[in-house]
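To start, the structure under review is shown below, and the notes come after it.
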Amino acid sequence: MRSFNLMSPEAICGTVGERVRRLRLQHNLTQQQLADMTLGSLSSIRRLEARGQAPLLLLVRVSQALQVVDQWDSLFNEPVLTIAQAEKAEQLTTRQRARIPKRP
């Protein structure tokens with residue numbers, strides 16, 4: 001498995017597209033069937049598989065159709081390293097908006 005850390009954004013998108021294609025074929029689905037399942041167009045599925053380009057909503061629908069939606073859980077999670085960091089993160093979740101610092 002390739003590390004996304006060392007890849008360009010375009011290469012990451014291409015890799016995601018390749019993975020979608022492999023998963024679709026593992027589920028024995030045509031591109032048209034996947035498009036129908038996701039309420040997307042055939043051209044959108046083709047573009048996703050070829051270049052990894054798709055709206056986020058389509059990508060979520062595709063991951064649901066291919067039964068890998070649970071992998072979204074780990075996306076953008078920030079690890080909590082200390083108790084102090086956990087407490088700070090808890091405080092941040094209760095705030096509704098950012099404040100502009102007052103000038104002295």
Side-chain angles (χ1 to χ4, degrees):
M1 185 163 297
R2 298 183 218 170
S3 171
F4 282 173
N5 290 329
L6 303 175
M7 297 171 71
S8 69
E10 293 79 10
I12 292 171
C13 290
T15 300
V16 169
E18 292 169 11
R19 291 179 184 179
V20 168
R21 181 178 181 277
R22 280 197 304 269
L23 284 168
R24 176 182 60 79
L25 293 174
Q26 286 176 4
H27 283 84
N28 198 29
L29 296 169
T30 65
Q31 289 178 328
Q32 184 62 59
Q33 288 170 322
L34 184 58
D36 293 342
M37 292 172 71
T38 60
L39 306 175
S41 66
L42 177 59
S43 62
S44 293
I45 298 299
R46 287 181 176 162
R47 191 170 35 258
L48 172 59
E49 290 186 4
R51 297 187 300 272
Q53 296 176 352
L56 182 59
L57 180 59
L58 178 62
L59 193 54
V60 170
R61 287 179 176 166
V62 165
S63 61
Q64 287 175 322
L66 298 177
Q67 301 170 359
V68 293
V69 72
D70 59 321
Q71 295 180 22
W72 283 92
D73 285 337
S74 62
L75 189 63
F76 301 121
N77 276 341
E78 294 183 36
V80 177
L81 303 176
T82 66
I83 293 174
Q85 288 174 330
E87 289 172 347
K88 184 176 180 180
E90 181 66 27
Q91 290 173 351
L92 291 176
T93 59
T94 58
R95 288 183 60 189
Q96 296 298 313
R97 56 185 131 146
R99 289 186 229 157
I100 298 173
K102 293 182 181 180
R103 294 183 184 174

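The analysis underlying the following values was restricted to heavy atoms, covering all of them including side chains, and did not include hydrogens, waters or symmetry mates.
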### Query
Counting only heavy atoms not in Asp70, do more than 12 fall under 6.0 Å of its CG?
yes

### Summary
Of all heavy-atom pairs linking Val69 and Gln64, the shortest is CG2-CG, 3.7 Å

## Note on the structure
When rounded to the nearest 0.5 Å, the distance separating CD1 of Ile12 from OG of Ser3 is 8.5 Å

### OG on Ser44 to CG on Leu39, rounded to 0.5 Å
11.5 Å

### Message
Side-chain heavy atoms nearer than 4.5 Å, only ILVMFWY residues, links allowed to pass through others: does that put Phe76 and Leu57 together?
### Response
no

### Query
Taking C-beta and beyond as the side chain, do Leu29 and Met37 meet within less than 4.5 Å on heavy atoms?
yes

### Query
Is the closest side-chain heavy-atom distance between Gln33 and His27 below 4.5 Å?
no

### Message
So which atom in Trp72 and which in Val60 form the shortest heavy-atom distance, rounded to 0.1 Å?
### Response
CZ2-CG2, 3.9 Å

### Message
Ignoring hydrogens, what is the shortest heavy-atom contact between Met7 and Thr15? Give both atom names and the distance.
### Response
CE-OG1, 3.0 Å

### Query
Do Leu59 and Leu25 belong to the same hydrophobic cluster, where Ile, Leu, Val, Met, Phe, Trp and Tyr are linked whenever their side-chain heavy atoms lie under 4.5 Å apart, directly or via other members?
no

### Nearest-0.5 Å distance, CG of residue Asp73 to CD of residue Gln71
9.5 Å

### Query
Where do Val20 and Glu49 come nearest, in terms of heavy atoms and distance?
CG1-CG, 4.1 Å

### Summary
Rounded to the nearest 0.5 Å, the CD atom of Gln53 sits from the CD atom of Glu10 at a distance of 9.0 Å

### Task
Take Ile45 and Val62, measure what side chain to side chain contact (heavy atoms under 4.5 Å, CB included) needs, and give me the verdict at the end.
CA-CA 9 Å; Ile45 298 299; Val62 165; 4.0 Å; yes

### Message
Just verifying a value: how many Å separate Gln31 CD and Leu48 CG, rounded to the nearest 0.5 Å?
### Response
9.5 Å

